[in-house]
Chemist: 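Next up is a structure, given as structure tokens.
Model, not experiment: these values are computed from the prediction. Letters go in sequence order (proteins before strands), and every chain restarts at 1.
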4 protein chains.
Amino acid sequence: MADGDAAATARPKTRIGAANIDRILDAALTAFAGHGLRGTRIEQIAEAAGMSKTNLLYYFRSKDDLYRAVLTRMLDIWLKPLRELDAARGPEASLTAYIEQKLEHSRRFPEASRLFAIEIMQGAPHLSHVLETELAELVDRKIGIVNGWIAEGRLAPMDPRHLLFMIWATTQHYADFATQIRALTGKGLEDEAFFGETRQAVVGVILRGVLTR
Amino acid sequence: MADGDAAATARPKTRIGAANIDRILDAALTAFAGHGLRGTRIEQIAEAAGMSKTNLLYYFRSKDDLYRAVLTRMLDIWLKPLRELDAARGPEASLTAYIEQKLEHSRRFPEASRLFAIEIMQGAPHLSHVLETELAELVDRKIGIVNGWIAEGRLAPMDPRHLLFMIWATTQHYADFATQIRALTGKGLEDEAFFGETRQAVVGVILRGVLTR
Amino acid sequence: MADGDAAATARPKTRIGAANIDRILDAALTAFAGHGLRGTRIEQIAEAAGMSKTNLLYYFRSKDDLYRAVLTRMLDIWLKPLRELDAARGPEASLTAYIEQKLEHSRRFPEASRLFAIEIMQGAPHLSHVLETELAELVDRKIGIVNGWIAEGRLAPMDPRHLLFMIWATTQHYADFATQIRALTGKGLEDEAFFGETRQAVVGVILRGVLTR
Amino acid sequence: MADGDAAATARPKTRIGAANIDRILDAALTAFAGHGLRGTRIEQIAEAAGMSKTNLLYYFRSKDDLYRAVLTRMLDIWLKPLRELDAARGPEASLTAYIEQKLEHSRRFPEASRLFAIEIMQGAPHLSHVLETELAELVDRKIGIVNGWIAEGRLAPMDPRHLLFMIWATTQHYADFATQIRALTGKGLEDEAFFGETRQAVVGVILRGVLTR
DNA sequence: TATGAATGAGACTTCATTCAT
DNA sequence: TATGAATGAAGTCTCATTCAT
């Protein structure tokens with residue numbers, strides 16, 4: 001109670017700023033994912049965030065700053081599923097969980113998925129460093145787990161990186177190519193039935209494809 | 001008659017024009033795939049094509065015209081592999097051939113792949129019509145083939161569209177996310193060994209994943 | 001009474017304000033002399049004065065206000081040497097003293113010198129009134145002194161105003177063109193030896209140039 | 001005749017560009033000398049040059065480019081009088097000629113004089129290199145001449161650089177402080193009588209000040 | 001076909017200033 | 001007195017497009 005009170009009264013200024021920053025970042029994510037960096041106007045974002053262009057620039061010195069902030073903010077979310085991939089439960093359960101998490105991400109953060117996709121397709125000018133360091137190290141660690149399963153004969157022998165690529169590709173596809181999928185099926189992941197069907201198909205094919213037996 | 005003749009004798013000017021148009025389209029593909037529609041400057045393309053901006057605009061009235069021309073030119077190439085998917089050889093051979101063709105495409109036309117990917121991710125503003133008509137009809141036809149195989153018990157039961165999506169996702173991933181793949185493996189599809197390894201992995205997982213037995 | 005008392009006991013707040021105003025004016029002089037009116041940002045001055053931009057604007061309603069305040073504050077200093085030029089000691093001593101005072105000013109207040117120089121070069125938009133009234137009257141008075149000396153045959157006949165211009169020009173040059181002088185000699189008036197040498201040269205040439213005999 | 005014709009017809013495009021560039025540089029000189037770099041708007045210059053802002057930017061990529069171009073264009077004019085100072089005619093004639101040339105320059109190019117003055121007062125950010133190399137070398141050479149005269153006993157002993165500074169100061173003053181001079185005398189160098197009187201005063205004082213006898 | 005010149009509609013920033021606290 | 005937040009009016013520069021040759 002006391003805590004709640006304090007929170008409600010103690011930091012009015014900070015609160016205002018933080019709320020605005022969140023609104024800006026949300027609006028920016030949508031805009032950048034939809035039109036790319038160059039194709040997005042600052043004013044567009046400002047309008048969506050409910051403030052003036054100049055005020056937005058009070059919080060973020062430049063468009064590029066804002067773009068980087070959006071990428072950074074999404075980075076943890078983006079890397080989280082892979083971080084949680086572990087060996088504890090054996091390949092079937094672990095891979096199933098990983099694929100399901102990735103699909104869940106595609107459902108909940110499709111714009112973030114598209115933002116990263118576009119960024120990478122354009123040569124990852126703002127992200128190459130992360131790819132080469134943080135992601136590379138993370139992947140190296142996870143590869144060990146998969147190689148362990150292969151050595152135990154529980155997975156078909158293959159370079160584990162191709163397995164990762166295939167999981168990324170298939171799960172992200174439902175976010176990145178949602179427009180195409182909707183044109184061909186009339187549905188998207190937000191449709192509960194379609195989501196379940198998708199999960200079953202993707203998990204099914206990949207697990208049958210890699211598990212021995 | 002005269003007209004036909006003229007066309008047949010290939011007037012130098014026309015030829016020159018045709019060569020220029022090709023150079024422009026090539027340069028434009030690279031530029032648009034690399035920076036998106038808005039992120040690309042006409043002058044950039046003109047320079048890459050070895051001519052002045054004004055002269056480029058003599059061939060294509062506007063940037064949007066040029067963009068549409070690039071998309072159109074790539075469309076047949078993009079749809080060709082799916083068109084060639086047939087029932088004649090049975091699921092194993094047919095799907096293998098299809099996947100290999102798609103990978104071959106990712107190797108040979110990575111920029112085209114990225115161009116379509118970006119276009120679709122941004123809502124396919126120039127392509128939605130094609131998706132809803134030409135592609136939808138083509139997919140409908142091919143679905144019949146796959147459903148036939150499923151009915152014969154040769155493929156695991158599933159909505160054939162998910163199979164298509166998975167094949168598209170995995171094969172195109174090697175073109176679209178080439179930057180990321182290179183950051184993690186140091187290689188790309190142009191590397192013969194890596195290409196073979198990729199093909200084996202993708203074909204292997206998917207076939208094992210969908211073929212019964 | 002209470003009011004008077006309070007004022008007399010120097011309320012801390014008032015004192016603080018006065019100190020702030022001085023800090024602002026100092027910082028503003030440096031900034032305006034270095035970048036001109038338009039070339040100076042308020043925030044720059046505020047930072048140099050150790051306060052927020054908004055707070056600076058609490059003391060000076062606008063940038064132009066501040067600029068005028070700086071000019072006004074420097075005006076007395078600027079005019080002081082000429083005010084002190086008198087006939088009492090004869091031309092040699094009086095002119096020597098005047099030149100030395102002007103040089104001393106160039107040494108102590110080079111920024112003020114540059115501020116006035118830039119203002120005048122740009123047409124004296126904020127100073128034309130002063131030039132035409134206060135300065136003109138002062139000059140008129142001093143001209144009488146010089147004309148007296150000429151009439152007595154102690155100075156070569158000339159329009160006294162040219163003499164004033166030459167003294168102003170030569171003495172202020174060492175402040176205004178300090179950058180150039182430093183590039184050519186490696187020194188400035190703050191160097192005691194260079195100052196002495198300069199004084200000797202300027203006084204020597206001008207006195208020999210105007211004194212008869 | 002033939003020549004005139006050729007000139008009139010042969011280089012239309014180049015001519016147009018060159019004429020525009022001259023018009024721009026003229027307008028820019030006036031503007032920069034009057035308001036400084038920051039205080040001048042590109043549009044202002046464009047208007048004075050009789051063209052659109054965008055067209056001006058077709059010739060000069062940026063405001064800074066234009067500013068540098070103006071400085072560069074004026075540099076030769078600015079250095080010319082000193083270059084022509086020679087020993088051939090003895091100190092009296094040579095110094096007289098030099099002073100007169102400098103005054104003539106102040107009459108003909110007062111804006112250039114002010115431009116350089118403002119630039120130097122602000123620390124010569126675009127000119128420091130020239131000051132330290134080209135001008136320094138030129139001055140070094142001319143100092144030799146003056147030292148020669150001093151050694152011959154024809155000039156009072158002094159560091160020749162102070163002599164140069166005094167000549168620069170006094171002659172440029174009539175251009176740089178024209179506003180003040182006009183406020184105090186009602187005249188300027190464009191007034192033939194005032195010019196003559198000024199020349200006589202400046203030459204007179206300096207020569208009497210430095211020549212022995 | 002080909003290009004230099006010219007332009008208008010943006011789009012990003014900067015900056016003095018005001019508001020609210 | 002002091003400051004964070006907010007804004008509008010510039011001002012620079014970019015870029016697709018048109019004009020004239």
Chemist: Taking CD from Gln44(D) and C1' from dT12(F), how many angstroms apart are they, rounded to a whole number?
Modeler: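 These atoms are roughly 14 Å apart.
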Chemist: OP1 or OP2 of dA6(F) versus the side-chain N and O atoms of Ser52(A): is any pair under 4.0 Å?
Modeler: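 False: Ser52(A) side-chain N/O out of range (4.0 Å or more) of dA6(F) OP1/OP2.
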Chemist: Scan Leu57(C) against the nucleic acid and name what it touches under 4.0 Å (heavy atoms): base, sugar-phosphate only, or nothing.
Modeler: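 Contact class for Leu57(C): base.
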Chemist: Among dG11(F), dC15(E), dT7(F), which nucleotide has an atom closest to any side-chain atom of Arg38(C)?
Modeler: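 When the side chain of Arg38(C) is considered, dG11(F) is the closest of dG11(F), dC15(E), dT7(F).
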Chemist: Between CG of Leu56(D) and CZ of Phe60(D), what distance do you get to the nearest 0.5 Å?
Modeler: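 Spacing of CG (Leu56(D)) from CZ (Phe60(D)) equals 7.0 Å.
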Chemist: Hey, what do you get for CD1 (Ile118(A)) to CG (Asp176(B)), rounding to the nearest 0.5 Å?
Modeler: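 Reported value, rounded in 0.5 Å steps: 11.5 Å.
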Chemist: Calculate the interatomic distance between Leu66(A) atom CG and dA11(E) atom P; express it in whole Å.
Modeler: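 After rounding, the gap between these two atoms is 16 Å.
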Chemist: What's the CD-P distance between Glu43(B) and dA16(F), to the nearest Å?
Modeler: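 Going from Glu43(B) (CD) to dA16(F) (P), I get 8 Å.
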Chemist: Starting at CZ of Arg61(B) and ending at P of dT17(F), how long is that distance when rounded to a whole Å?
Modeler: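 It is 11 Å, rounded to the nearest whole Å.
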Chemist: Are any of Thr54(B)'s side-chain N or O atoms less than 4.0 Å away from OP1 or OP2 of dA2(E)?
Modeler: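 Result: no.
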Chemist: Counting heavy atoms from C-beta on, name the nucleotide in dC15(F), dT17(E), dT12(F) closest to the side chain of Lys53(D).
Modeler: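 Looking only at heavy atoms from C-beta outward on Lys53(D), the closest nucleotide is dT12(F).
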Chemist: Any side-chain N or O of Tyr59(A) below 4.0 angstrom from OP1/OP2 of dG4(F)?
Modeler: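 False: Tyr59(A) side-chain N/O out of range (4.0 Å or more) of dG4(F) OP1/OP2.
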Chemist: State whether the number of non-hydrogen atoms from other residues, nucleotides or ligands found under 6.0 Å of Glu47(D) atom CD is greater than 12.
Modeler: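 No, not enclosed.
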Chemist: In the strands shown, is dC19(E) matched to any nucleotide by a Watson-Crick or G-U wobble pair with both distances under 3.5 Å, and which?
Modeler: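 When the pairing criteria are applied, dG4(F) turns out to be the nucleotide that pairs with dC19(E).
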Chemist: Between Leu56(A) (CG) and dG4(F) (P), how many Å, whole number?
Modeler: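 Atom-to-atom, Leu56(A) to dG4(F), this comes out as 19 Å.
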Chemist: Quick check on DNA chain E: between Met51(D) and Lys63(A), whose nearest nucleotide comes earlier from the 5' end?
Modeler: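 Closest to the 5' end, via its nearest nucleotide, is Met51(D).
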Chemist: Take atom NE2 of His35(C) and atom C1' of dT14(E), then tell me their distance rounded to the nearest Å.
Modeler: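 One finds 16 Å between C1' of dT14(E) and NE2 of His35(C), rounded.
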Chemist: Take the protein atom CZ of Phe60(A) and the nucleotide atom C1' of dC12(E), then report the distance between them rounded to whole Å.
Modeler: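 The distance from CZ of Phe60(A) to C1' of dC12(E) comes to 16 Å, rounded to the nearest Å.
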Chemist: When the nearest nucleotide of DNA chain E is assigned to Asn55(B) and to Leu37(A) on a heavy-atom basis, which residue is associated with the more 5' position?
Modeler: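 Looking at the nearest nucleotide for each, Asn55(B) comes out on the 5' side.
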Chemist: Would you please classify the geometry between the Trp78(A) ring and the Phe116(A) ring as parallel, tilted or perpendicular, with 30° and 60° separating the classes?
Modeler: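 Phe116(A) vs Trp78(A) ring planes: parallel.
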Chemist: Go through it in stages, so that I can follow the logic: the residues are Arg68(A) and Asp65(A), the test is salt bridge (charged side-chain N to carboxylate O under 4.0 Å, His left out), and I'd like the CA-CA distance, side-chain angles, deciding distance and then a yes or no.
Modeler: CA-CA 5 Å; Arg68(A) 274 190 296 261; Asp65(A) 264 22; 2.9 Å; yes
Chemist: Distance check needed: dC19(F) C1' versus Tyr58(B) OH, whole Å only.
Modeler: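 So the OH-C1' distance, Tyr58(B) to dC19(F), works out to 16 Å.
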